A.B. asks: 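First, the structure itself, so that you have it in front of you.
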Amino acid sequence: MSWSRVMALLGKELADLRGRPGIFFPGLFTGAIAILLPVFVALLVPAFTGERLADSADLKIALELYRQQPGARALGPEAAIQASLFQQFLVLLVLSPVAAAMSIAAYSVIGEKQARTLEPLLATPLTTFELLLAKTLGAFLPALALSLVCFVVDLTVAAVFAEPGVARSLLTPRPLGVLFLMGPMASLTALSLAVCVSSRVNDARSAQQLAVLVVLPITGLLIAQIGAGFVVTIPVILLITGVLAVVNVGLMRLGVSLFDRETILTRWK
Amino acid sequence: MLEAESLSKTFGPRTAVEHVSFDVRAGEIFALVGPNGAGKTTTLRMLAGLIRPSSGGVRFRGQPTAGIETTLRAGIGFLTEAPGLWDRLTVRQNLKVHARLHGLPRPDRAVDAAMDLFGVTDRAAEYAAVLSKGLRQRVALARALLHDPGAVLLDEPTSGLDPESARDVRELILRLRHERRAVLISTHNLDEVDRLADRVALLNTRLVALDTPQSLRARAFPARVRVRFAGPADGHARTLGEAGLTDVRADGDTLSIGLDGAGLQTPDIVRRLVAAGAAIEAVEPEEPSLEQVYLRLLRGGAS
């Protein structure tokens with residue numbers, strides 16, 4: 001494998017993305033929702049109703065569960081519930097890079113074919129693995145950057161509007177693990193799947209529809225946290241990250257074996 | 001330089017190319033012509049290492065290339081039918097990505113040289129999307145030659161270009177021959193083939209004919225000569241008929257004479273006509289167009 005070839009194509013991917021800012025809209029939209037939801041639930045609703053979250057009987061269990069986390073006991077009841085809500089909605093923030101990655105990756109191979117730029121590209125010494133790796137990184141790095149931007153905004157919102165200590169609670173290993181271990185791995189899974197599918201179908205929408213399957217388990221995790229009192233602990237984060245890493249290696253191999261230059265060149269119109 | 005050895009390619013039940021063999025030599029322009037669906041692009045893709053032959057193989061610089069298609073692709077420049085430039089990248093960016101994909105040690109220098117060679121230096125900072133079709137083709141040609149390949153494959157290099165741009169591209173192709181590269185062009189433009197090609201392969205799934213344009217003419221049509229007189233030609237046709245020439249057609253002041261008849265060559269014919277008192281104004285070989293040759297050979301009418 002030649003890293004210089006991968007970097008060459010990656011540079012092209014990033015330069016090409018600069019000309020298509022609209023492709024980031026799904027990721028930005030998801031990120032905005034993930035940032036605004038805890039603001040709405042933890043800050044705006046109590047402000048409008050005049051009822052503190054700590055006084056709500058419905059949130060007692062959530063408070064107790066949250067208080068079991070290391071370092072959570074230092075926060076007052078209102079701050080602890082706000083911190084709990086901000087952290088729970090961080091799982092939703094994981095969807096932001098996933099959405100961005102899917103938009104970019106689903107277009108990757110299909111876009112080259114539709115623009116008739118794939119054949120000159122395949123006529124270079126670039127191998128299939130190098131091509132797919134560059135395509136994957138070309139979607140992953142912007143998605144990661146988007147994830148970081150969303151987190152900084154989320155952190156700023158918490159620091160400015162939430163109780164003291166809430167923002168600091170987002171900088172502890174658990175939320176950071178969700179965002180920067182589980183999130184990137186889920187993004188990689190989504191876009192590896194999208195690149196795989198993008199190599200086999202001849203329109204970007206089909207690739208996006210199939211890759212969206214990755215969103216389901218993440219959404220399920222969010223529902224389990226909020227509805228069933230399930231806490232994403234550090235061991236759970238590491239387990240999910242590990243499983244996704246294995247899945248990603250498998251998907252990359254699958255992608256290389258599924259990428260059929262001949263079919264793509266001769267049968268896609 | 002580049003050899004096709006009994007290349008065959010099937011797609012499911014359909015045979016696209018069947019047992020095609022030829023070689024393209026250094027300093028030669030070799031044209032691949034044939035009707036739509038004849039297998040020209042498939043042949044080019046096999047030669048470029050983009051798709052694998054079902055049977056047969058490709059040799060590059062004498063070496064078989066099966067299993068080392070990456071190496072083959074590094075040594076060949078391929079101009080695809082569509083220029084295939086990234087519209088959101090500038091001309092320089094487009095070329096630089098390909099220079100780096102080819103692992104050139106000084107990509108910027110190679111890009112500068114290629115842009116200079118193909119006259120697009122002043123367009124370096126323009127996005128590919130805004131270029132005219134002719135300019136896009138120039139940039140695509142520059143891209144195909146960035147890595148200084150020994151063999152260049154050009155798929156429909158002047159297709160859709162205006163006459164001026166097409167002439168520019170043809171001049172660039174001639175330059176490749178002077179640089180001793182092996183040049184293979186696939187085209188429908190037979191006039192272009194006539195102007196450029198040293199040898200022509202007529203493909204229709206199988207190889208129908210392969211020779212120089214002149215030899216293909218001779219194979220497809222018997223040699224003819226056209227003689228123009230100062231007056232009507234009818235009387236002179238009788239003179240030649242008496243000399244044993246049976247294929248003589250008169251048209252106003254001109255005779256078209258088939259040379260396959262009585263073993264007479266052009267000087268003999270002229271001598272006889274002058275002896276018979278003919279006032280000859282012009283004598284010229286009558287060459288069928290390559291299109292006529294192409295159609296005759298495709299229909300199996302070679303003599």
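Scope of the values below: all heavy atoms of this structure, side chains included, with no hydrogens, waters or symmetry mates. A quick note: this is a predicted structure, and the numbers were derived from the prediction, not measured. Chain letters run A, B, ... following the sequence lines, proteins first and then strands; every chain starts at 1.
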A.B. asks: Looking at Arg167(B), I'd like to know if its CZ atom is crowded, meaning that more than 12 non-hydrogen atoms belonging to other residues, nucleotides or ligands lie closer than 6.0 Å.
C.D. replies: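 Yes.
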
A.B. asks: Any side-chain heavy atom of Glu119(A) sitting closer than 4.5 Å to one from Arg45(B)?
C.D. replies: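 Sidechains of Arg45(B) and Glu119(A): in contact.
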
A.B. asks: Say you draw a straight line from OG1 of Thr117(A) to CG of Leu89(B); how long is it, rounded to the nearest 0.5 Å?
C.D. replies: 10.0 Å

A.B. asks: Check each atom of Leu85(B) against the heavy atoms of chain A and say whether the ones under 4.5 Å are side chain, backbone, both or neither.
C.D. replies: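 When you check distances to chain A, only backbone atoms of Leu85(B) fall under 4.5 Å.
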
A.B. asks: With a 4.5 angstrom heavy-atom cut-off, is it the side chain or the backbone of Pro83(B) that approaches chain A, or both, or neither?
C.D. replies: backbone

A.B. asks: Between Glu130(A) and chain B, with a heavy-atom cut-off of 4.5 Å, which part of the residue counts as in contact: side chain, backbone, both or neither?
C.D. replies: neither

A.B. asks: Go through the steps to decide whether Arg20(A) and Arg88(B) satisfy the test side chain to side chain contact (heavy atoms under 4.5 Å, CB included), and finish with yes or no.
C.D. replies: CA-CA 9 Å; Arg20(A) 287 189 289 143; Arg88(B) 291 183 195 88; 3.1 Å; yes

A.B. asks: What's the spacing between Arg116(A) CZ and Thr80(B) OG1 if we round to 0.5 Å?
C.D. replies: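 Going from CZ on Arg116(A) over to OG1 on Thr80(B), the span is 8.0 Å.
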
A.B. asks: Do Pro120(A) and His98(B) touch side chain to side chain, with heavy atoms closer than 4.5 Å?
C.D. replies: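 Heavy-atom side-chain distance check passes, below 4.5 Å.
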
A.B. asks: Please determine whether the number of non-hydrogen atoms from other residues, nucleotides or ligands lying under 6.0 Å from atom CZ of Arg109(B) exceeds 12.
C.D. replies: no

A.B. asks: Using a 3.5 Å cut-off and no angle test, enumerate the donor-acceptor pairs between side-chain atoms of residues 244-256 of chain A and protein atoms at least two apart in sequence or in another chain.
C.D. replies:
from	atom 1	to	atom 2	distance (Å)
Asn248(A)	OD1	Thr189(A)	N	3.1
Asn248(A)	OD1	Thr189(A)	OG1	2.7
Asn248(A)	ND2	Met185(A)	O	3.3
Asn248(A)	ND2	Leu244(A)	O	3.2

A.B. asks: Quick one: of Arg52(B), Arg100(B), Lys96(B), Glu81(B), who has the most non-hydrogen atom pairs under 4.5 Å with chain A?
C.D. replies: Arg100(B)

A.B. asks: Less than 4.5 Å to any heavy atom of chain A: does that hold for the side chain of His147(B), its backbone, both, or neither?
C.D. replies: neither

A.B. asks: Taking Arg73(B) for its side chain and Thr124(A) for its backbone only, find out whether a donor-acceptor pair lies under 3.5 Å.
C.D. replies: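 Yes.
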
A.B. asks: Is any side-chain heavy atom of Leu121(A) closer than 4.5 Å to one of Trp86(B)?
C.D. replies: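 They are in side-chain contact.
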
A.B. asks: Is the number of heavy atoms from other residues, nucleotides or ligands within 6.0 Å of CZ (Phe180(A)) greater than 12?
C.D. replies: yes

A.B. asks: Of the backbone (N, CA, C, O) and the side chain (C-beta and beyond), which part of Leu101(B) lies under 4.5 Å from a heavy atom of chain A, both, or neither?
C.D. replies: both

A.B. asks: Which atoms of Ala74(B) come close to chain A, meaning under 4.5 Å heavy atom to heavy atom: side chain ones, backbone ones, both, or neither?
C.D. replies: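 It is both, since atoms from each part get that close.
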
